[in-house]
Amino acid sequence: MRLLADIIRGKSVEEAINIVKFHPKKIYSLKIEKLILSAISNYKIKNEDERVDESNLFIKTIQVDGARQLKRIMPAPQGRAHRIRKRSNHITLVIDNKQNINLTEEEKNIELKKENSVE
């Protein structure tokens, strides 16, 4: 799952969905695709006046952290048992508008110019 997250980090939302749809690891790609679509719908709800097509959304951060493990026992030869760990994980996805990022960088430059002119 982390491999797929590393591939789509920093990409536009449309490009990330296309990468995920055609990735060979289908189990992980379906879960991440649902997560991206959910993030887009949340963005639509919060920003009703903007169109998603024109907003230039991209994946700002994506983190895959380990969650709890289910521990099961598999019978082994000669009366022994092997432990099987069924792992799960938590995925954190943040999408943002590229215009917001550019504005914040311009604001930083303006602040630096103001500080330099004051000195």
Atom CZ of Arg80: over 12 foreign heavy atoms under 6.0 Å:
yes

Please round to the nearest 0.5 Å and tell me the distance separating atom CD of Glu33 and atom CD1 of Ile8.
10.5 Å

To the nearest 0.5 Å, how far apart are CG in Asn89 and OH in Tyr28?
8.0 Å

Would you tabulate the side-chain donor-acceptor contacts of residues 63-70 under 3.5 Å, counting partners in other chains and residues two or more places apart, or write 'none'?
none

Would you say NZ of Lys26 has more than 12 non-hydrogen atoms from neighbouring residues, nucleotides or ligands within 6.0 angstrom?
yes

Hey, what do you get for CG (Asp96) to CG (Asn56), rounding to the nearest 0.5 Å?
11.0 Å

Please go through Met74's hydrophobic cluster and name the other residues, only I, L, V, M, F, W, Y counting, with side-chain heavy atoms under 4.5 Å joining them.
Ile84

Without swapping roles, check the side chain of Ser29 against the backbone of Lys25 for a donor-acceptor pair under 3.5 Å.
yes

Considering only heavy atoms from C-beta outward, does the side chain of Glu50 approach that of Asn97 to under 4.5 Å?
yes

Working to the nearest 0.5 angstrom, can you tell me the gap between Ile7 CD1 and Ile19 CD1?
7.0 Å

Output the distance between atom CD1 (Ile32) and atom CG (Leu4), rounded to the nearest 0.5 Å.
4.0 Å

For Ile62 and Ala5, work out which heavy atoms get closest and say how close.
CG2-O, 3.5 Å

Side-chain contact, heavy-atom cut-off 4.5 Å: Asn42 with Ile95?
no

Applying side chain to side chain donor-acceptor pair (under 3.5 Å), which residue pairs with at least one partner in residues 1-18 are found, sequence neighbours left out?
Asp6-Arg9

Smallest separation among heavy atoms of Phe58 and Gly10, with atom names
CD1-O, 4.2 Å

Side chains of Ile36 and Ile59: does their closest heavy-atom pair fall under 4.5 Å?
yes

Within one Ile-Leu-Val-Met-Phe-Trp-Tyr cluster: Leu37 and Met1, side-chain cutoff 4.5 Å
yes

